[in-house]
Amino acid sequence: MLNRYARAFFTRILTPVASFFIRLGISPDVVTIIGTLGVAVGALAFYPRGEFLVGTLVITAFVFSDTVDGIMARRLDRSSSWGAYLDSTLDRVGDAAIFGGLVLWYAGDGGNAYMAALALACLILGSVVSYAKARAEGLGMTADVGIAERADRLVAVLVATGLTGLFGIPTVFLGVVLVLLAVASLVTVVQRMLTVRRQALAAA
């Protein structure tokens, strides 16, 4: 949903940043890699220690590299299969780091096995959501449907985690968000599977 309605807005906001990086001679691939490293460091250095606010701020500072590198590639006319592959692969790394950081906190000092399980469920189901689409495209079909795309899941977990760290909101708030994300991700997987099934049956 956010991919459809927010992409144009953030493209306008981040185009000057992309232009600045181009003038510095930085390549889109470098922005992709550094952005992923920043997200991973923010998630794995702070979330496992329960420092949700700082971790979320660091992650947010780097997460928009996913939009900046795309703007740069288009302006430089360097859009390619390699760039798309690198971007998609490293997106999975960043997402895993975010939910993995929450798993580490709640399975360790956070002392909440239910929250750890919920975060792990979001990590796994989020990966399956992405795989369902990628595998469909690899078979020559499409699966660009679903109520919980990557941007939706990312915004939800970062807002919930940031608010928890900023205001000390009870864990149940983040727990509810994780439950909703897990359910929405599961629904998205089913939606994509049904979409591919219809295409496969039609082709047969």
Side-chain angles (χ1 to χ4, degrees), residues 1-49 51-105 119 122-131 133-134 137 144 148-163 165-166 177 181 185:
M1 187 179 297
L2 289 176
N3 281 342
R4 301 186 185 96
Y5 298 109
R7 185 178 297 275
F9 171 76
F10 284 111
T11 296
R12 288 194 300 271
I13 296 296
L14 296 173
T15 293
V17 177
S19 299
F20 176 69
F21 287 163
I22 290 172
R23 289 196 297 272
L24 292 179
I26 300 173
S27 76
D29 287 354
V30 170
V31 172
T32 301
I33 293 169
I34 292 177
T36 301
L37 289 174
V39 169
V41 168
L44 297 177
F46 297 102
Y47 280 3
R49 297 189 295 180
E51 298 178 12
F52 288 173
L53 178 59
V54 177
T56 299
L57 291 175
V58 173
I59 293 168
T60 303
F62 286 96
V63 78
F64 288 108
S65 64
D66 190 46
T67 300
V68 173
D69 58 11
I71 298 172
M72 293 173 66
R74 289 190 294 273
R75 292 177 71 90
L76 292 170
D77 196 23
R78 291 185 187 173
S79 297
S80 64
S81 298
W82 160 247
Y85 172 80
L86 178 67
D87 189 59
S88 180
T89 300
L90 294 187
D91 280 349
R92 308 289 81 75
V93 173
D95 294 354
I98 291 171
F99 287 104
L102 293 176
V103 172
L104 290 173
W105 166 249
C122 289
L123 191 161
I124 295 170
L125 289 169
S127 297
V128 177
V129 167
S130 300
Y131 177 80
K133 180 179 179 180
E137 293 173 346
D144 193 18
E149 297 183 355
R150 178 178 184 262
D152 304 312
R153 300 193 306 271
L154 200 58
V155 169
V157 71
L158 290 179
V159 169
T161 307
L163 290 176
L166 179 62
V177 172
L181 283 179
S185 297

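All of these numbers come straight from a predicted model, not from anything done at the bench. Each residue takes its place number in the sequence, starting with 1.
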Query raised in the report: Yes or no on side chain to side chain contact (heavy atoms under 4.5 Å, CB included) for Phe52 and Leu102, after CA distance, side-chain angles and deciding distance?
Result: CA-CA 9 Å; Phe52 288 173; Leu102 293 176; 3.9 Å; yes
Requested in this report: Applying salt bridge (charged side-chain N to carboxylate O under 4.0 Å, His left out), name anything that partners Arg74, two or more places apart in sequence or on another chain.
Outcome: none
Query - Test salt bridge (charged side-chain N to carboxylate O under 4.0 Å, His left out) applied to Asp87 - qualifying residues, sequence neighbours left out - result: none
Of all heavy-atom pairs between [X] and [Y], which one has the smallest distance, and what is that distance?
X	Y	value
Gly42	Ile59	C-CG1, 4.0 Å
Ala73	Pro28	N-CG, 3.8 Å
Thr11	Ile71	O-CD1, 3.7 Å

Requested in this report: Identify, with sequence neighbours excluded, every residue that meets side-chain hydrogen bond (donor to acceptor under 3.5 Å, both in side chains) alongside Thr56.
Outcome: Tyr47
Requested in this report: Please identify each residue that fulfils side-chain hydrogen bond (donor to acceptor under 3.5 Å, both in side chains) with Thr32, with sequence neighbours left out.
Outcome: Asp69
Requested in this report: Would you mind listing every ring-ring contact (aromatic ring centres under 6.0 Å, His included) that reaches into residues 56-75, with sequence neighbours excluded?
Outcome: Phe10-Phe64
Residue list, side chain to side chain contact (heavy atoms under 4.5 Å, CB included) with [X], at least two apart or on another chain:
X	answer
Leu57	Leu53
Ser27	Asp29, Val30, Arg78
Ile13	Phe9
Phe46	Arg49, Glu51, Val54, Val58

Query raised in the report: Run the side chain to side chain contact (heavy atoms under 4.5 Å, CB included) check on Arg153 and Cys122 step by step: do they pass?
Result: CA-CA 9 Å; Arg153 300 193 306 271; Cys122 289; over 6 Å; no
What pairs of donor and acceptor atoms, side-chain ones from residues 89-101 against any protein atom, are under 3.5 angstrom apart with sequence neighbours left out?
residue : atom : partner : partner atom : Å
Thr89   : OG1  : Tyr85   : O            : 2.8
Arg92   : NE   : Ser130  : OG           : 3.2
Arg92   : NH1  : Ser88   : O            : 2.9
Arg92   : NH1  : Ser88   : OG           : 3.3
Arg92   : NH2  : Ser130  : OG           : 3.4
Asp95   : OD1  : Arg150  : NE           : 3.1
Asp95   : OD1  : Arg150  : NH2          : 3.1
Asp95   : OD2  : Arg150  : NE           : 3.0

Query raised in the report: Distance-only, no hydrogens or angles: does the Asp152 side chain make a donor-acceptor pair with backbone N or O of Glu149 under 3.5 Å?
Result: yes
Requested in this report: To the nearest 0.5 Å, tell me how far Ile124 CD1 sits from Ser185 OG.
Outcome: 11.5 Å
